[in-house]
Amino acid sequence: MKRIVTIVGPTAVGKTALADALAVRLGGAVVSADAMQVYRGMDIGTAKAAPGECRAPLLLVDVVDPDVAYSAALYQRDARCAIDQLRAQGTPVVVCGGTGLYIRAALDDMRFPAGSQETDARRAYDDLARRIGADALHGLLRERDPESAAVIHPHNVKRVVRALEMCDEGVSYARQKEGFSTPRPYYDASYYGLTMDRERLYARIDARVDAMMEQGLLAEVEELVVHGFGADLTARQAIGYKELIDYLEGRLGLDEAVDLIKMRSRRYAKRQLSWFRRDARVHWIDLDAVSADAALELICESEGC
RNA sequence: GGUCAGAUAGCUCAGUUGGUAGAGCAGAGGACUGAAAAUCCUCGUGUCGGGGGUUCGACUCCCUCUCUGACCA
């Protein structure tokens, strides 16, 4: 069975087009690894490939409605299901996406403890955090699981809450994350990271945000709001959506909101680079040095296709 | 042309009685096991507009020039 070829990199670098071209070349399919493109109806702002834009089948996009609390564990289940099915048919798999955790969840031997994030426990801990403060909550974790408390910064409330949740499930956060830096592959996969000069990437991000606005991102957001885009939804946290909601509800000017979308996208790109740079398995392709077409040839050459 | 107020980090500005500067934002780096487009951590040397002077020592005081803004002609 052929190796899975994985395309990673920061937002707006050109992953989707390259992955599609590669999948066409291989006669395979693309499995998306993007935490926001899983939501239906969030198209323009997540830079989802438009219908007909991709020639190869694209999976793991539009899997749930925006009011569903999706997660890395659910993605792991769904992505592996899709990958196993493709492989059973002998279809080559190209994984492509910018959500580092989702890629690790699907392709590495990551195990999530039993349970769901839909419990009341999370809400209870969130409330507790608001009442007693971040440091006190961290103190509570220190009592219950000192090992985990030691590896989580007290201000990182989300992580502390999750660790407490895991205590309730009888699992140690610290124990779970052991070995995260030395991954054990679940599938045989190779990784290609696309990168380019920071200035140029940022210019592309800015231009893409302007293009999204021209394509009607505001109308898309209004449509979501009409159908009840609750403040507590994961999908609401997507860059480009939360800012335009702030505009629609009068908290921001439109220009201000657009500038904020650009800034947050740039920071997001930086975090993505940080994540992928840490993974020694990634072969980096500098798109300042080679064209996208040449990058495709490079990948095909080293994959023997 | 005159008067006044400014000119300090990429931007907005602090800088106490002269002892060669520091905040916010931007930016950079990093972490990351069920919210991950989330969340969190770390990082501040710059001809203090140019030139001259006073002084042991000037971002700070004096002179001068340049530029910007306001007002008066």
Side-chain angles (χ1 to χ4, degrees), chain A residues 10-12 32-39 42 45-48 66 68-79 97-119 121-123 125-126 129 134 137-138 148 151-166 168-169 171-184 186 198-199 201-202 205 208-209 212 230-244 256 259-279:
Chain A
T11 189
S32 163
D34 186 298
M36 292 301 160
Q37 290 188 6
V38 297
Y39 295 109
M42 295 173 66
T46 63
K48 208 177 280 177
V68 170
Y70 205 65
S71 70
L74 296 176
Y75 175 80
Q76 178 181 66
R77 180 199 66 194
D78 296 342
T99 305
L101 181 62
Y102 280 24
I103 288 170
R104 299 281 314 258
L107 303 183
D108 284 331
D109 183 25
M110 262 180 84
R111 286 165 205 202
F112 297 100
S116 106
Q117 85 286 16
E118 278 292 77
T119 59
R122 177 165 300 176
R123 196 153 336 118
Y125 283 127
D126 281 339
L137 193 76
H138 190 259
S148 296
V151 296
I152 302 173
H153 189 99
H155 294 170
N156 200 343
V157 175
K158 284 197 183 189
R159 204 75 33 89
V160 173
V161 166
R162 176 62 193 143
L164 285 164
E165 247 175 48
M166 288 168 83
D168 296 339
E169 291 161 8
V171 190
S172 163
Y173 172 92
R175 206 74 48 78
Q176 281 292 305
K177 90 176 196 72
E178 260 173 31
F180 195 69
S181 48
T182 50
R184 293 181 311 267
Y186 181 83
R198 193 63 65 88
E199 292 282 317
L201 180 66
Y202 285 2
I205 288 172
R208 191 167 75 170
V209 171
M212 286 172 176
D232 51 337
L233 298 179
T234 301
R236 248 289 272 272
Q237 300 178 340
I239 295 168
Y241 294 83
K242 55 187 165 193
E243 296 83 2
L244 288 183
E256 234 179 333
D259 285 347
L260 199 54
I261 294 170
K262 291 175 181 173
M263 191 188 86
R264 287 188 173 150
S265 300
R266 292 193 291 258
R267 289 181 174 173
Y268 172 48
K270 198 154 67 86
R271 274 180 273 129
Q272 288 175 301
L273 285 166
S274 230
W275 179 287
F276 294 121
R277 278 193 291 229
R278 186 160 68 124
D279 194 329

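Order of the sequence lines fixes the chain letters, A, B, ..., with proteins taken first and strands second; residue numbering starts at 1 for each chain.
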Q. Using a distance-only test with no angle check, is there a side-chain donor-acceptor pair under 3.5 angstrom linking A/Ser265 and A/Arg208?
A. no

Polar side-chain atom of A/Lys242 near backbone of A/Gln237 as donor-acceptor pair, under 3.5 Å:
yes

key: Rounded C1' spacing from B/rG50 to B/rU66 in Å   = 7 Å

Heavy-atom nearest nucleotide on RNA chain B taken for A/Gly240 and for A/Asp109; more 5' hit belongs to A/Asp109

Practice task
Using the C1' atoms only, state how far B/rA37 lies from B/rG46, rounded to an integer number of Å.
Solution key: 35 Å

Closest non-hydrogen atoms of A/Ser148 and A/Ser172, given as atom of the first, atom of the second and distance, are OG-OG, 3.3 Å

Side-chain atoms of A/Ala238 come closest, of B/rA37, B/rU33, B/rC40, to B/rA37

With rounding to the closest Å, how many angstrom separate the P atoms on B/rG57 and B/rC25?
40 Å

*What nucleic acid atoms does A/Asp108 come within less than 4.0 Å of, heavy atoms only: base, sugar-phosphate, or nothing?*
nothing

Does A/Glu243 reach the main-chain N or O of A/Leu260 with its side chain, forming a donor-acceptor pair under 3.5 Å? no

Between B/rC61 and B/rC72, how far apart are the two C1' atoms, rounded to whole Å?
29 Å

What's touching nucleotides 27-30 of chain B from the protein side, N or O pairs under 3.5 Å?
unit_1 : atom_1 : unit_2   : atom_2 : d
B/rG27 : OP1    : A/Arg266 : NE     : 3.3
B/rG27 : OP2    : A/Arg267 : NE     : 3.2
B/rG27 : OP2    : A/Arg267 : NH2    : 3.3
B/rA28 : OP1    : A/Arg198 : NH1    : 3.1
B/rA28 : OP1    : A/Tyr202 : OH     : 2.7
B/rA28 : OP2    : A/Tyr202 : OH     : 3.2
B/rA28 : N7     : A/Lys270 : NZ     : 3.1
B/rG29 : OP1    : A/Arg198 : NH2    : 3.1
B/rG29 : OP2    : A/Arg198 : NH1    : 3.0
B/rG29 : OP2    : A/Arg198 : NH2    : 3.3
B/rG29 : N7     : A/Lys270 : NZ     : 3.3
B/rG30 : OP2    : A/Ser274 : OG     : 3.4
B/rG30 : OP2    : A/Arg277 : NH2    : 2.6
B/rG30 : N7     : A/Ser274 : OG     : 3.3

Between B/rA9 and B/rC40, how far is it from one C1' atom to the other, in whole Å?
26 Å

Distance, C1' atom - from B/rA58 to B/rG52, rounded to whole angstrom: 13 Å

Residues at least two apart in sequence or cross-chain that pass salt bridge (Lys or Arg N to Asp or Glu O under 4.0 Å) with A/Asp108, listed by chain then number, are A/Arg104, A/Arg281

At 4.0 Å (heavy atoms only), tell me whether A/Ala134 reaches a base, stays on the sugar-phosphate, or touches nothing.
nothing

| Which part of the nucleic acid, if any, lies within contact of A/Thr46, taking any heavy atom under 4.0 Å across all strands shown: a base, the sugar-phosphate backbone alone, or nothing? | base

query: OP1 or OP2 of B/rC41 less than 4.0 angstrom from a side-chain nitrogen or oxygen of A/His155, does that happen here?
result: yes

Note, RNA chain B 5' to 3' with Watson-Crick or G-U pairs under 3.5 Å encoded as ( ), [ ], | and . gives (((((((..((((.....[..)))).(((((.......))))).....(((((..]....)))))))))))).

Sorted by chain and residue number, the salt bridge (Lys or Arg N to Asp or Glu O under 4.0 Å) partners of A/Lys262 (sequence neighbours excluded) come out as A/Asp210

Ignoring backbone atoms, establish whether A/Tyr102 has a side-chain N or O less than 4.0 Å from OP1 or OP2 of B/rA36. yes

Do any side-chain nitrogens or oxygens of A/Arg104 fall under 4.0 Å of OP1 or OP2 in B/rU33? no

Exercise for review: Describe the nucleic acid contact of A/Gln76 in one word from base, sugar-phosphate, nothing, applying a heavy-atom distance below 4.0 Å.
Suggested key: nothing

> More than 12 non-hydrogen atoms from neighbouring residues, nucleotides or ligands closer than 6.0 Å to CZ on A/Arg111, yes or no?
Replying inline: no

### Message
B/rU33, OP1 or OP2 - any side-chain N/O from A/Tyr173 closer than 4.0 Å?
### Response
yes

Q.
Need one value for A/Asp259: base, sugar-phosphate or nothing, where a base atom within 4.0 Å counts as base even if backbone is also close, heavy atoms only.
A. nothing

key: Euclidean distance for C1', B/rU33 against B/rU39 (whole angstrom)   = 14 Å

Nearest-nucleotide check on RNA chain B, A/Lys177 vs A/Thr234; residue mapping nearer the 5' end is A/Lys177

Residue pairs passing the salt bridge (charged side-chain N to carboxylate O under 4.0 Å, His left out) test with at least one member in residues 172-183 of chain A, sequence neighbours excluded, are A/Glu147-A/Arg175

task: Answer yes or no: is there a side-chain heavy-atom contact under 4.5 Å between A/Val68 and A/Val38?
output: no

Check: Does OP1 or OP2 of B/rA37 have a side-chain N or O of A/Thr99 closer than 4.0 Å?
Finding: yes

#### Entry: A/Arg159 side-chain N/O to B/rC41 phosphate OP1/OP2 under 4.0 Å
no

Taking every heavy atom of A/Met166 against every heavy atom of A/Gln176, the minimum-distance pair comes out as CE-CG, 3.4 Å

When rounded to whole Å, the CD to P distance for the pair A/Gln237 and B/rA36 reads 7 Å

Taken in chain and number order and not counting sequence neighbours, the residues that satisfy salt bridge (Lys or Arg N to Asp or Glu O under 4.0 Å) with A/Arg159 are none

| C1' gap between B/rG10 and B/rC63, integer Å | 33 Å

